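All values reported here derive from a predicted model rather than from experimental measurement. Chain letters run A, B, ... following the sequence lines, proteins first, then strands; residues in each count from 1. In what follows, every heavy atom counts, from backbone to side chain, and hydrogens, waters and symmetry copies are set aside.
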Amino acid sequence: MSRLFALVLGLALTVALLFLTIPVVALFLRVPPADLASQLADERALEALGVSLRTSVAAHVLILLVGTPAAYLLATRSFRGRSLVLVALELPLVLPPAVAGLGLFAAFGRSGLLGSELRALGLEIPFTELAVVLAICFVASPFYVRGAIAAFESVDPQLLSAARTLGAGPARVFARVALPLAAGGLGAGSTLAFARGLGEFGATIMFAGNLPGRTQTAPLAIYDALDEDFEVALALGALLVAVSLAILLTTKLLTTWTRSAQTSGFPSAASRSS
Amino acid sequence: MTGAALVAGVAALALVPAGCGDDAGAGDSGPLVVFAASSLRDVAPQLEREAEYVFAGSDELAAQIRDGADADLFLSASEQPVADLRAAELVDESVPFASNRLVVVVPKANPAGVESFADLARRGLKLVLGGEGVPAGDYAREALAAAGLEAALANVVSLEEDVRGVLGKVALDEADAGIVYATDVAAAADDVRVVDIPADVQPNVRYFAAVVGAGDREAAEEYLERLQGEAGQRILGDAGLTAR
């Protein structure tokens with residue numbers, strides 16, 4: 001009976017593994033590596049990669065700058081309504097991207113909720129690179145904030161209060177104790193958010209539109225090239241897979257590194273982190 | 001017993017991916033599958049409610065048919081996508097069945113004050129068109145060129161994947177103007193206003209139908225006959241299309 005059970009588990013894993021990896025492998029089989037480079041030299045592909053890189057980096061800086069202190073607050077303080085705040089911050093994770101795009105229009109569009117205020121500031125956001133950045137921030141930041149909260153929560157609070165009793169102010173405790181101890185988890189959340197942002201499609205095409213050289217990111221270019229230049233679409237797709245894979249591997253390494261640091265140095269934190 | 005049930009369940013799951021690839025073959029007795037240009041969204045279902053419809057940009061539909069999609073009939077908003085499929089021997093000879101015209105749509109409030117086709121070339125206006133290869137977009141560029149309004153191309157803020165994307169951005173009042181087919185306007189009649197495009201720069205927008213070789217030919221030809229018959233042409237006429 002137990003052998004049968006083991007067989008069932010093994011079979012399930014095999015099915016899952018095959019189903020999830022075959023499309024990725026097949027993608028690479030259709031693009032010979034030699035062709036990959038020449039297709040990526042295509043001007044449109046380069047432009048789209050440029051837009052993707054610029055907007056992803058800009059969005060990521062914003063996510064880290066705002067997300068880190070926000071996550072620290074949520075991880076170290078308990079207050080009434082904290083769960084509601086957490087739910088609100090995670091909502092974009094489960095929203096269909098097209099709904100996210102509509103929501104961004106409804107909020108920041110020129111006839112949106114904040115449209116007239118933005119216009120008074122001379123800002124018209126839709127169809128600009130800023131719109132791409134906002135779309136990425138909206139869909140990707142929950143990935144970072146979630147990871148960052150968990151990372152800060154796994155820091156032993158006794159270490160923080162010890163630093164406090166030794167005379168460090170709260171800002172110093174955050175910068176010199178909490179940040180370094182949470183670095184591994186923060187890095188893992190950060191890479192996940194970056195990867196999600198890089199692949200952003202639905203909210204971007206709704207809110208920022210699709211204009212080569214301005215708002216057309218790599219995922220939009222893939223969709224655009226499908227009907228005209230299938231090879232370019234495949235090559236761009238393969239490149240995104242490679243980048244995402246590298247990002248995921250980094251995340252895994254960072255997580256492993258954190259865990260081993262915790263088990264060697266701070267056993268109490270490690271036991272709470274799972 | 002539970003163990004055996006589990007095994008059966010997992011085995012059934014394992015078979016799913018294998019079974020998925022098999023239903024692309026011809027001869028299934030399901031409903032007629034019509035791949036139709038987005039601009040026919042409100043028209044085609046009136047002709048035959050029982051059929052299954054897939055609406056998208058004509059070029060995208062052609063790409064799907066090329067990839068073996070399960071279509072019986074292809075209704076394209078321009079000749080090129082059908083001609084390409086014909087060259088690959090994937091569809092039968094195509095027949096024109098209707099023609100359409102382009103119009104400019106602006107948000108109800110008309111924030112940029114667009115009153116004529118020529119206004120599209122005014123600097124700073126936010127114009128949305130269909131992308132390269134999307135018939136509505138290619139026709140729009142043709143019309144702009146015919147009117148000597150190439151400057152309008154610098155006003156383009158987004159190239160949409162199909163004509164409904166163009167209409168949506170205008171209806172949301174985020175773009176100042178877009179170019180769509182006359183037949184699309186009804187879908188957003190409450191949110192947009194129409195500015196006519198002069199007849200002398202109107203491109204020859206013709207719709208072509210083709211029976212897909214691998215599909216259910218008999219049902220597709222029957223549909224095509226009805227489309228070209230009196231009832232079909234009346235429905236097309238009511239929707240703002242002119243009989244070919």
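- In this pair, Tyr181(B) and Tyr139(B) present their aromatic rings perpendicular. The plane angle is above 60°, beyond the 30 to 60° band.
- Ion pairing between a basic and an acidic side chain is recognised when a charged N comes within 4.0 Å of a carboxylate O; Asp173(B) and Arg110(A) show such pairing.
- For Pro111(B), the part lying near chain A is the side chain, with the backbone staying farther off; criterion is any non-hydrogen pair under 4.5 Å.
- Environment of CZ in Arg164(B): crowded, with over 12 heavy atoms of neighbouring residues, nucleotides or ligands closer than 6.0 Å.
- The choice from Ser158(B), Ala62(B), Ala109(B) that makes the most heavy-atom pairs within less than 4.5 Å of chain A is Ser158(B).
- The two residues Arg196(A) and Pro97(A) have their closest heavy-atom pair at NH2-CG, 4.5 Å.
- Taking CD of Glu129(A) as the reference point, atom OG1 of Thr217(A) lies at 10.5 Å (rounded to 0.5 Å).
- Arg214(A) touches chain B through its side chain: at least one heavy atom from C-beta onward sits under 4.5 Å away, while N, CA, C and O do not.
- Glu124(A) touches chain B through its side chain: at least one heavy atom from C-beta onward sits under 4.5 Å away, while N, CA, C and O do not.
- With a 4.5 Å cut-off on non-hydrogen atoms, Leu102(A) touches chain B through its side chain but not through its backbone.
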